[in-house]
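Presented below is the structure to which this report refers.
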Number of protein chains: 2
Amino acid sequence: MYSSTMRRAITIDPTPGRTAAHCQECGARHIGICDALSDEDLGFLSRAAQRVTVAAGRTFVEEAEPAGYFYNINAGTVRVFKTLPDGRRHITGFLGVGQFLGLDFGGNYAFSAAAMGDVALCRFHRPRLLEVFAEFPALERRLLNIASHELTAAHEQMLLLGRKTARERLASFIIGWAARAQSCQSATMLVPNARLTLPMSRVDLADYLGLTIETVSRSLNLFKKQGLLRLASVSELVLLQPQLLAEIAAGIA
Amino acid sequence: MYSSTMRRAITIDPTPGRTAAHCQECGARHIGICDALSDEDLGFLSRAAQRVTVAAGRTFVEEAEPAGYFYNINAGTVRVFKTLPDGRRHITGFLGVGQFLGLDFGGNYAFSAAAMGDVALCRFHRPRLLEVFAEFPALERRLLNIASHELTAAHEQMLLLGRKTARERLASFIIGWAARAQSCQSATMLVPNARLTLPMSRVDLADYLGLTIETVSRSLNLFKKQGLLRLASVSELVLLQPQLLAEIAAGIA
DNA sequence: CGGGACTTTGAGCTTTCTCAACGATGGTGG
DNA sequence: CCACCATCGTTGAGAAAGCTCAAAGTCCCG
């Protein structure tokens, strides 16, 4: 089922020498925490990092295991999730390039993380990262800023999970994902008829929205029937009425 | 309905002189962010603060309004919540002494906040707070630590809202609240037969757990019938079987 | 002692879940 | 290149958890 390379969960880049070049080519250079540093300062951060790649599908962080590393995503998408003993799963987020995980410096990870496609990351040993923080307060400030925003996003997701209907949840997700894809701040700026790729399966979607795959499928096809969107393929959709979708997401329509 | 003092949402302490004394008497002195500073350094932070009191029931932060202040709670309990246009409400947290709100330095508040009883707070103008950060990096570090933990807690709450049953949600809340009251780390250390006060109404509980008041009431009385707890009064309960409750909360039983 | 707000309990209903079958899609080997 | 198979998604029918609406009970506070 797995090839020999897929068996290896994590591959560590063996060339720590060309670090500066790495960062210049990196897709995350001007996003997230790296963006807080100048090219020269980034060299210091870079030397504290191990560059690792994770094969598609592999879980590289296991909930409840000792939290040894802080990760920053260089390429690919990561699924972060928690599970209950009987197997029920909840996905807390889909992280993309420039986003990080493992911020909580508690003793053990409070979540699991898996690569959705092939993923490249910078990995930092915690004590090493603290050294870098001491050297560059700007990093810590940036981290606090991002964490604050994530906290706000988490509260928004709680509202979704606690009080929104299935259709509202799906509409919220679609609008949010589209905004992220078009990197626009507000849902009102969304371009209609733009093609939107959903890299996650219906199972993932359901586990993210607190629903079942059947309800996700039904809601999605209801939107289709109502002419709000078109399903170009099973994982690609075209927003015909982003405005209306946004209203459903907000609980207005 | 309201007395003249209740009408005033926020009362500002007019004596900014005795700041050092204030902090020594403050219940939050050795919790949260204040605990990160020495007595002398705290004087600096204290001089940046306005001490305010909020009458029971008053909403002192309104969602979507310009985010001018950062608050730290000195006494009382604060309900933090978000609402949908049609009135549906979700409570994201009950904050107590030493906890803060208003961390997200975005343009507008993403939540509302109301005093559950009479509340005393330290209020910081944002630009002023940033000055303090520049002076005391330890503060910022502490803030990052706390924010990280809150993020972890938020993810746990998402699991609750997305995947737990009504009984599991209520059990989770009770166990968590008891642990907070007894200030113990793990639910396994909970003292049985301890009296636990719930300062919030069933409506609050429902809006926190993503349920209705009826379901909260039914679940609670089911626990009572099963001998897991006793209702000393409507807002005070005695945990007879904290172990079992913890198992229900974890999704095992 | 009375009134208002909150809580509990009951009965019926709705949304979503569960279980099951069918259909589409994409990769693989003949 | 096509047929096959595994996986994933869709659709349908029935069940159930939790919601809604309604009424009765309780508690606090004046």
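Chain naming here is simple, since letters A, B, ... match the order of the sequence lines and numbering starts at 1 in each. Just the heavy atoms: all of them, side chains too, but no hydrogens, waters or symmetry mates, feed the values below. Bear in mind the structure is a predicted one, so any value in this text is a computation, not a measurement.
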What closest approach, in Å, do [X] and [Y] show between heavy atoms, and which atom pair accounts for it?
X: B:Leu220; Y: B:Leu231; answer: CD2-CD2, 4.1 Å
X: A:Arg167; Y: A:Leu222; answer: CD-CD2, 3.2 Å
X: B:Ser112; Y: B:Glu63; answer: OG-N, 3.0 Å
X: A:Leu95; Y: A:Arg180; answer: C-NH2, 3.8 Å
X: A:Ala171; Y: A:Leu245; answer: CB-O, 3.6 Å
X: A:Leu84; Y: B:Ala250; answer: CD2-O, 3.6 Å

Rounding to 10°, can you tell me the angle the first-five-pair axis of the helix from C:dC1-D:dG30 to C:dG30-D:dC1 makes with its last-five-pair axis?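 Here the local axes at opposite ends form an angle of 40°.
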When the distance from [atom1] of [X] to [atom2] of [N] is rounded to whole Å, what number comes out?
X: B:Leu209; N: D:dA17; atom1: CG; atom2: C1'; result: 16 Å
X: B:Asn221; N: C:dC6; atom1: CG; atom2: P; result: 18 Å
X: A:Asp207; N: C:dC17; atom1: CG; atom2: C1'; result: 14 Å
X: A:Leu198; N: D:dC8; atom1: CG; atom2: P; result: 16 Å
X: B:Leu231; N: D:dC27; atom1: CG; atom2: P; result: 11 Å
X: B:Lys224; N: D:dT26; atom1: NZ; atom2: C1'; result: 12 Å
X: B:Leu211; N: C:dT16; atom1: CG; atom2: P; result: 15 Å
X: B:Leu220; N: C:dT7; atom1: CG; atom2: P; result: 11 Å

Please walk me through it: do B:Val203 and B:Val216 pass side-chain contact (heavy atoms from CB on, under 4.5 Å)? CA-CA 9 Å; B:Val203 179; B:Val216 169; over 6 Å; no
If you check every side-chain atom of [X], which of [options] has the closest atom?
X: A:Ser217; options: D:dT11, C:dT9, C:dT7; answer: D:dT11
X: A:Glu214; options: C:dC17, C:dT7, C:dT18; answer: C:dT18
X: B:Thr215; options: D:dG18, C:dT18, C:dC17; answer: D:dG18

Between A:Tyr208 and A:His90, what is the ring plane arrangement, given parallel below 30°, perpendicular above 60°, and tilted in between?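 It falls in the parallel class, under 30°.
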Is the ring pair A:Tyr71/A:Tyr69 parallel, tilted or perpendicular, if the boundaries are 30 and 60 degrees?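 Because their plane-to-plane angle lies in the 30° to 60° range, the rings of A:Tyr71 and A:Tyr69 count as tilted.
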Please state whether the base of D:dG9 and the side chain of A:Arg218 form at least one donor-acceptor pair under 3.5 Å?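 Side chain to base: no pair present.
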Decide yes or no for B:Asp118 and B:Thr53: does some side-chain heavy atom of the first lie under 4.5 Å from some side-chain heavy atom of the second?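 They are not in contact (no side-chain heavy atoms under 4.5 Å apart), so the answer is no.
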Does the side chain of A:Val78 reach to within under 4.5 Å of the side chain of A:Phe60, using non-hydrogen atoms?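 Yes, at least one pair of side-chain atoms sits under 4.5 Å.
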Taking only N/O atoms, report every protein-nucleotides 21-27 of chain C pair under 3.5 Å with atom names and distance.
none

Any side-chain N or O of A:Arg202 under 4.0 Å from OP1/OP2 of D:dT10?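 A:Arg202 to D:dT10 OP1/OP2: side-chain N or O found under 4.0 Å.
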Intermediate values then yes/no, side-chain contact (heavy atoms from CB on, under 4.5 Å), B:Asp207 and A:Arg163: CA-CA 8 Å; B:Asp207 284 348; A:Arg163 288 293 178 233; 2.8 Å; yes
Give the residues of residues 163-176 of chain A touching DNA chain C, defined as any heavy atom closer than 4.0 Å, sorted by residue number.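 Contacting residues: A:Thr165, A:Ala166.
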